[in-house]
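The chain is numbered in sequence order, starting from 1.
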Amino acid sequence: MEIQIEKLAFESKPDSLPHGYRIRAMYLLQPKREALIEIFKGDDLVKQFLFPAYKIWNIAAHAHDIVDGLEDGGDERGLRMAAWNGIEGATLVLP
(Lines give C-alpha, C1' and ligand atoms only; values in the text may rest on other atoms or scores of the structure.)
Protein backbone atom coordinates (compact mmCIF):
# COMPACT_ATOMS: atom_id res chain seq x y z
CA MET A 1 0.00 0.00 0.00
CA GLU A 2 1.29 3.42 -0.95
CA ILE A 3 1.56 6.06 1.77
CA GLN A 4 -0.44 9.21 0.99
CA ILE A 5 0.20 12.23 3.20
CA GLU A 6 -2.77 14.42 4.10
CA LYS A 7 -1.09 17.16 6.15
CA LEU A 8 1.57 17.99 8.70
CA ALA A 9 0.33 17.41 12.24
CA PHE A 10 3.39 18.80 14.05
CA GLU A 11 7.11 19.32 13.77
CA SER A 12 9.37 20.04 16.71
CA LYS A 13 10.99 23.44 16.69
CA PRO A 14 14.71 23.70 15.95
CA ASP A 15 16.74 23.37 19.13
CA SER A 16 13.72 22.19 21.15
CA LEU A 17 15.16 18.67 21.46
CA PRO A 18 18.66 17.70 22.62
CA HIS A 19 21.50 16.51 20.36
CA GLY A 20 20.06 18.15 17.24
CA TYR A 21 17.01 15.89 16.95
CA ARG A 22 13.75 16.90 15.31
CA ILE A 23 10.48 14.98 15.11
CA ARG A 24 7.80 15.39 12.44
CA ALA A 25 4.35 13.77 12.36
CA MET A 26 2.01 13.72 9.37
CA TYR A 27 -1.59 12.64 9.12
CA LEU A 28 -2.18 10.21 6.26
CA LEU A 29 -4.94 9.63 3.76
CA GLN A 30 -3.57 6.11 3.24
CA PRO A 31 -3.25 3.96 5.23
CA LYS A 32 -6.25 5.27 7.12
CA ARG A 33 -6.00 5.91 10.86
CA GLU A 34 -2.20 5.94 10.69
CA ALA A 35 0.36 8.73 10.89
CA LEU A 36 3.87 8.88 9.51
CA ILE A 37 6.48 9.72 12.12
CA GLU A 38 9.95 10.85 11.06
CA ILE A 39 12.85 11.42 13.44
CA PHE A 40 15.85 13.39 12.22
CA LYS A 41 19.24 14.09 13.73
CA GLY A 42 20.35 17.23 12.00
CA ASP A 43 19.30 16.68 8.39
CA ASP A 44 19.66 12.88 8.57
CA LEU A 45 16.52 10.75 8.80
CA VAL A 46 17.27 8.23 11.57
CA LYS A 47 13.86 6.63 12.04
CA GLN A 48 10.61 6.53 10.08
CA PHE A 49 7.53 4.53 11.01
CA LEU A 50 3.75 4.39 11.00
CA PHE A 51 1.99 5.08 14.30
CA PRO A 52 -1.71 5.18 15.24
CA ALA A 53 -2.90 8.68 14.33
CA TYR A 54 -4.87 9.12 17.54
CA LYS A 55 -1.65 8.68 19.57
CA ILE A 56 0.69 11.07 17.76
CA TRP A 57 0.57 13.65 20.55
CA ASN A 58 2.09 10.98 22.81
CA ILE A 59 5.12 11.15 20.50
CA ALA A 60 5.35 14.88 21.18
CA ALA A 61 4.85 14.36 24.90
CA HIS A 62 7.63 11.75 25.08
CA ALA A 63 9.99 13.37 22.56
CA HIS A 64 12.78 13.79 25.11
CA ASP A 65 12.41 10.14 26.21
CA ILE A 66 12.56 9.05 22.56
CA VAL A 67 15.72 11.09 21.93
CA ASP A 68 17.33 9.78 25.14
CA GLY A 69 16.67 6.23 23.99
CA LEU A 70 18.12 6.85 20.54
CA GLU A 71 21.23 8.37 22.07
CA ASP A 72 21.55 5.35 24.38
CA GLY A 73 22.16 3.00 21.47
CA GLY A 74 18.71 2.74 19.92
CA ASP A 75 16.76 1.88 23.07
CA GLU A 76 13.08 2.29 22.19
CA ARG A 77 11.74 2.84 25.72
CA GLY A 78 10.54 6.35 24.78
CA LEU A 79 8.58 4.95 21.84
CA ARG A 80 7.11 2.26 24.08
CA MET A 81 6.05 4.98 26.52
CA ALA A 82 4.35 6.89 23.69
CA ALA A 83 2.59 3.75 22.45
CA TRP A 84 1.46 2.56 25.89
CA ASN A 85 -2.31 2.30 26.27
CA GLY A 86 -2.25 3.42 29.92
CA ILE A 87 -3.71 0.18 31.24
CA GLU A 88 -1.59 -2.87 30.46
CA GLY A 89 1.06 -3.60 33.03
CA ALA A 90 -0.19 -0.89 35.37
CA THR A 91 -0.18 -1.56 39.10
CA LEU A 92 -3.28 -0.52 40.98
CA VAL A 93 -3.08 0.09 44.69
CA LEU A 94 -6.47 -0.04 46.31
CA PRO A 95 -7.17 1.16 49.86
Side-chain angles (χ1 to χ4, degrees):
M1 174 178 287
E2 182 179 326
I3 292 176
Q4 295 177 4
I5 296 170
E6 179 182 7
K7 63 182 177 180
L8 179 69
F10 71 84
E11 185 167 6
S12 58
K13 293 180 182 177
D15 301 324
S16 65
L17 295 174
H19 308 291
Y21 281 89
R22 182 170 48 92
I23 297 177
R24 178 168 53 200
M26 291 163 281
Y27 290 117
L28 301 178
L29 294 170
Q30 287 295 328
K32 293 182 186 248
R33 295 181 289 279
E34 297 289 332
L36 178 64
I37 309 297
E38 297 177 324
I39 302 174
F40 297 87
K41 185 170 185 176
D43 292 330
D44 297 328
L45 180 65
V46 295
K47 197 164 199 62
Q48 182 181 53
F49 55 94
L50 296 178
F51 198 75
Y54 75 97
K55 289 186 175 188
I56 63 167
W57 297 103
N58 291 357
I59 295 287
H62 291 285
H64 281 75
D65 301 310
I66 293 166
V67 167
D68 288 346
L70 291 170
E71 284 295 300
D72 288 342
D75 184 343
E76 294 191 347
R77 68 182 175 272
L79 291 172
R80 286 193 303 275
M81 292 167 75
W84 186 48
N85 65 12
I87 298 170
E88 293 175 30
T91 301
L92 299 176
V93 179
L94 302 173

side-chain contact (heavy atoms from CB on, under 4.5 Å) evaluation trace for L36 with Q48: CA-CA 7 Å; L36 178 64; Q48 182 181 53; 3.6 Å; yes

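- Residues N58 and W84 come closest through the heavy atom pair ND2-O, 4.5 Å.
- Atom-to-atom distance recorded for I59:CD1 and S12:OG is 11.5 Å, nearest 0.5 angstrom.
- The structure places NZ of K55 at 15.0 Å from CZ of R33, a figure rounded to the nearest 0.5 Å.
- M26 and V46 fall into different hydrophobic clusters, defined by Ile, Leu, Val, Met, Phe, Trp and Tyr side-chain heavy atoms under 4.5 Å apart, directly or through other members.
- A 6.0 Å sphere centred on CG of D72 holds more than 12 heavy atoms belonging to other residues, nucleotides or ligands.
- Scanning all heavy atoms of the two residues, the minimum distance from I66 to G78 falls at CG1-C, 3.5 Å.
- Heavy atoms only, all atoms of each residue included: F10 and I56 are closest at CE2-O, 3.5 Å.
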Check against side-chain contact (heavy atoms from CB on, under 4.5 Å), R22 and E11: CA-CA 7 Å; R22 182 170 48 92; E11 185 167 6; 2.5 Å; yes

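- Taken together through direct or relayed side-chain contacts under 4.5 Å among Ile, Leu, Val, Met, Phe, Trp and Tyr, Y27 and Y54 form parts of separate hydrophobic clusters.
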Full working for side-chain contact (heavy atoms from CB on, under 4.5 Å) between L50 and I3: CA-CA 10 Å; L50 296 178; I3 292 176; 4.0 Å; yes

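- Using a 4.0 Å cut-off between a side-chain N of Lys or Arg and a carboxylate O of Asp or Glu, R80 and D75 qualify as a salt bridge.
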Evaluation steps, side-chain contact (heavy atoms from CB on, under 4.5 Å), between K41 and L70: CA-CA 10 Å; K41 185 170 185 176; L70 291 170; over 6 Å; no

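- Listed here is the closest heavy atom pair of I37 and F51: CG1-CB, 3.7 Å.
- In the hydrophobic cluster analysis, where Ile, Leu, Val, Met, Phe, Trp and Tyr join through side-chain heavy atoms closer than 4.5 angstrom, F49 is grouped apart from F40.
- Residues D65 and R77 have side chains not in contact (no heavy-atom distance under 4.5 Å, counting atoms from C-beta outward).
- To the nearest 0.5 Å, the span separating CD on Q4 from CD on E34 amounts to 14.0 Å.
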